[in-house]
Each structure stands twice: as structure tokens, then as C-alpha cells.
Amino acid sequence: MSARYGSRATIVRPGKVVGPCDVRAGLTYWVRRAARGGRVALPGRPEQPVEVIDSRDLARLVVQLLVDDRPGAFHAVGPAEPTTIADLIHTRARAAGSKVDLVPVPGERVPRSLPLIRPESTWSTQRRSPARARAAGMPATPLAVTVTDVLTGTALAASHRWGMACLQKRRQGCSLGPDR
């Protein structure tokens, strides 16, 4: 980008993008698991930093940067306060009215594909400063709001897919209603 656009380039470096209707396994896995409450197996260490950015905050930042014609590099990361994987799980549990008991599991015994879990050697990549993005107008949706909206939005996305299937079947002369 910089080679082509020089000092006019605007570069946005987002953290893990999350938000309503997010059906990917990242944050959604932990949000659903924390909402159920009870014992939660947590690989690695609970103090592992996590950077997530609410998709709505990212969108507002990008629009603001375009409106202002503001060049530069911006770390679009959140939440507003630095958080850990344990904080994220506890925040969701509180928002759901449930209680969790984190059970540490040695990292070497965990599948590498478990969402948001990173080797300690990469934790520094989860500690970027959002100061420049905040100064440019990026809002900071509270983590509790983001995780609640992820869970609610996931349910809505699932019902939307069910609704779309109903419309398709209805057009074919069938019904998928609750009485069937």
C-alpha cells in the first residue's frame, strides 16, 4: 500500500473481528460456552491477552477515516480495556447470569485449532495500542455488549437461515412450520 500510495495510504489493522450474526468458531465458541456456565476447560494460561474488535466499531472507524481522508496506519483493536481470555469468559458468564469455574488444561494437551488460544510466544501480537484509531474516532463498544450481541445475533442468524429455508419450501408447496 505505502509503495503505491505513499503518505496518502490509509491502513487499518484489525484484531479478531466479531459482532452480531458472527457464526464463525472464534469468539462465538467461548461466548456460547460461557453462557452455559459450569466448569470450563481453559487451555494454556488464563492471563493470555485477547484482542477483539466489534465489527460495528471497525465499520465506524473505516467510514470516519474515509470521510476525514485521513492517511496512516491504525490498529483497530479492542475492547476498550486490555482483556484476557479469562476476562472474556467471565464477562460473558456474568452477562448471561451464569457462573463459570475455569479449569486450566496444559496447552500441549489442546488441539491447535481451539479458537482464540495462542502460544505464549505470540502474545505480544495481542497487545497493540488502539490509541491512534481511538483518536481518529473509533468507538469502544463494551465487551459485555459485544459478547451479548454475538450470542443474540448468532441465534438470529440461525433463525434467519431457518426462515429462508421455510420461504424456499413454501414456494415449493411445503411447510416447515413448528407443527410439522
Side-chain angles (χ1 to χ4, degrees), residues 1-35 40 42-96 100 102 107 110 112-154 156-157:
M1 292 290 288
S2 295
R4 181 173 180 154
Y5 297 103
S7 62
R8 297 177 313 141
T10 300
I11 301 167
V12 178
R13 298 181 183 123
K16 171 77 172 158
V17 181
V18 300
C21 300
D22 185 357
V23 294
R24 295 168 296 152
L27 179 70
T28 307
Y29 169 81
W30 292 109
V31 165
R32 287 179 179 161
R33 180 60 197 92
V40 176
L42 182 61
R45 296 184 17 221
E47 66 270 18
Q48 175 202 310
V50 175
E51 283 183 344
V52 294
I53 180 69
D54 190 298
S55 59
R56 298 163 292 191
D57 294 345
L58 178 59
R60 287 182 189 111
L61 171 64
V62 170
V63 168
Q64 192 63 53
L65 292 172
L66 291 170
V67 166
D68 294 346
D69 193 24
R70 188 181 295 213
F74 302 86
H75 294 299
V77 295
E81 298 298 321
T83 195
T84 66
I85 190 74
D87 292 337
L88 186 145
I89 293 167
H90 284 297
T91 297
R92 178 57 200 144
R94 277 191 304 277
V100 293
L102 298 180
V110 177
R112 290 181 121 9
S113 62
L114 200 58
L116 297 182
I117 302 301
R118 306 209 188 298
E120 192 169 344
S121 61
T122 67
W123 285 9
S124 63
T125 66
Q126 299 298 297
R127 292 184 175 132
R128 297 175 291 165
S129 172
R132 191 149 192 241
R134 297 256 186 263
M138 183 177 76
T141 300
L143 183 61
V145 171
T146 298
V147 296
T148 297
D149 290 353
V150 165
L151 189 61
T152 304
T154 301
L156 287 173

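In this structure, L58 and A76 approach most closely via the heavy-atom pair CD1-CB, 3.7 Å. Counting all heavy atoms, side chain and backbone alike, A35 lies closest to A96 at CA-CB, 3.8 Å. Closest approach of L65 and A136 over heavy atoms only: CD2-CB, 3.8 Å. Nearest heavy atom pair, residue L102 against residue A86, reads CD1-CB, 3.6 Å. Across all non-hydrogen atoms, the minimal contact from R13 to V77 is O-CG1, 4.3 Å. Here the closest heavy-atom approach between residue T10 and residue P71 is recorded as OG1-CA, 3.3 Å.
Contact check for R56 versus P139: no side-chain heavy atoms found under the 4.5 Å cut-off. In this structure, L42 and W30 have side chains that are in contact, with non-hydrogen atoms separated by less than 4.5 Å. In this structure, V52 and T83 have side chains that are not in contact, with every pair of non-hydrogen atoms separated by 4.5 Å or more.
Note on residues 63-72: pairs passing salt bridge (charged side-chain N to carboxylate O under 4.0 Å, His left out), not counting sequence neighbours, are D68-R70. The salt bridge (charged side-chain N to carboxylate O under 4.0 Å, His left out) pairs that include a residue from residues 72-95 number zero, where partners must be two or more places apart or lie in different chains. For residues 123-141, the salt bridge (charged side-chain N to carboxylate O under 4.0 Å, His left out) pairs, not counting sequence neighbours, are E51-R128.
In this structure, L61 CG and F74 CZ are separated by 7.0 Å, a value rounded to the nearest 0.5 Å. Atoms CG and CG, on D149 and D54 in that order, are 7.0 Å from each other to the nearest 0.5 Å. With rounding to the nearest 0.5 Å, the separation of CH2 in W123 from OG1 in T84 is 9.0 Å.
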